Amino acid sequence: MSHAATKPAPMSEKRIAAKRLELCTELVGIHKKHETVFARIDEIKAELKTMATDAGANFKETIPGKGTVYVAGEKEGSFKGDFPILQVDAWKGLKSAQQDKLLESGVVKIEAQYGGKYYGAVTVKLF
């Protein structure tokens with residue numbers, strides 16, 4: 001006979017705060033212990049990105065039995081064209097009939113817009 005998995009009880013706010021402090025303390029300790037290593041990693045990455053940017057081509061280096069490094073250089077944004085922009089305040093100032101006419105003619109289309117998804121970040125600064 002199978003038993004349904006029981007969900008652990010949610011942690012209290014006090015326990016969450018203690019766990020969060022514990023993890024952050026550990027993370028800062030690791031960064032502090034390996035500060036020179038992380039600094040060198042940043043230097044190497046910057047130099048590799050500069051190489052790819054100057055060469056105008058991304059590249060990949062494979063170190064047999066160890067791993068692969070993919071490097072992409074910086075790219076300026078590209079011009080995609082001139083596009084009409086609806087002035088929202090002017091649109092809101094139009095009478096409903098005027099708005100409806102523009103919508104019906106296809107000159108204006110209303111679409112929902114959302115901000116880009118944010119995947120979060122963790123930043124450690126040492127002092």
Side-chain angles (χ1 to χ4, degrees):
M1 183 160 104
S2 67
H3 296 333
T6 58
K7 203 174 192 180
M11 288 196 288
S12 68
E13 290 295 319
K14 187 175 179 181
R15 177 67 184 125
I16 291 170
K19 184 65 176 176
R20 186 175 65 213
L21 178 60
E22 176 187 330
L23 291 170
C24 289
T25 301
E26 181 181 0
L27 184 61
V28 167
I30 292 167
H31 273 263
K32 191 70 173 167
K33 181 178 179 179
H34 302 288
E35 185 173 6
T36 56
V37 173
F38 286 120
R40 182 60 183 141
I41 288 169
D42 290 342
E43 290 171 1
I44 291 168
K45 287 180 178 180
E47 192 170 342
L48 289 170
K49 284 191 274 185
T50 298
M51 288 176 175
T53 301
D54 291 348
N58 300 338
F59 62 88
K60 172 177 84 168
E61 291 288 344
T62 300
I63 295 81
K66 297 200 176 193
T68 303
V69 178
Y70 300 92
V71 181
E74 290 182 20
K75 280 177 36 177
E76 292 294 324
S78 59
F79 180 70
K80 296 189 178 202
D82 293 320
F83 299 93
I85 303 290
L86 182 68
Q87 299 300 317
V88 176
D89 289 336
W91 170 262
K92 289 180 178 180
L94 294 175
K95 294 180 181 175
S96 182
Q98 291 172 308
Q99 291 177 350
D100 291 343
K101 188 173 183 177
L102 289 169
L103 289 167
E104 288 171 13
S105 70
V107 170
V108 174
K109 180 180 175 184
I110 304 293
E111 292 181 353
Q113 291 189 7
Y114 301 90
K117 184 174 181 178
Y118 180 66
Y119 292 95
V122 177
T123 304
V124 176
K125 293 186 179 182
L126 300 177
F127 45 85

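Please read all numbers here as calculations on a predicted model, not as lab measurements.
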Which residues share a side-chain contact (heavy atoms from CB on, under 4.5 Å) with Val37, sequence neighbours left out: His34, Ile41

Donor-acceptor contact present, side-chain Gln98 to main-chain Lys95, <3.5 Å: yes

Heavy atoms from other residues, nucleotides or ligands near CD of Glu74 exceed 12 (cutoff 6.0 Å): no

Which donor-acceptor pairs under 3.5 Å do the side chains of residues 111-125 make with protein atoms, sequence neighbours left out?
residue: Glu111; atom: OE2; partner: Lys109; partner atom: NZ; Å: 3.1

Between OG1 on residue Thr53 and CG on residue Leu48, distance to nearest 0.5 Å: 10.5 Å

Set of residues satisfying side-chain contact (heavy atoms from CB on, under 4.5 Å) with respect to Lys101, sequence neighbours excluded: none

Atom pair CG (Asp89) and CG (Leu94), whose distance is rounded to the nearest 0.5 Å: 11.0 Å

pair Trp91-Ile110: side-chain heavy atoms closer than 4.5 Å: yes

Close side-chain approach of Lys60 to Thr62, heavy-atom, < 4.5 Å: yes

Minimum heavy-atom distance Ala52-Gly73, with the two atoms named: CB-N, 3.6 Å

Spacing of CD belonging to Glu47 relative to OG1 belonging to Thr50, to within rounding of 0.5 Å: 7.5 Å

Student check: side-chain heavy atoms of Val69 and Phe59 closer than 4.5 Å: no

same_hphob_cluster(Val28, Phe38) at 4.5 Å side-chain heavy-atom cutoff: no

Shortest non-hydrogen separation from Gln99 to Lys92 and the atoms involved: NE2-CA, 4.0 Å

Check: Phe127 main-chain N/O paired with Lys32 side-chain donor or acceptor under 3.5 Å: yes

ILVMFWY cluster, Leu103 and Leu86 together (side-chain gap under 4.5 Å): yes

Close side-chain approach of Thr68 and Ile63, heavy atoms under 4.5 Å: no

Same cluster (ILVMFWY, side-chain, under 4.5 Å), Ile44 and Met51: yes

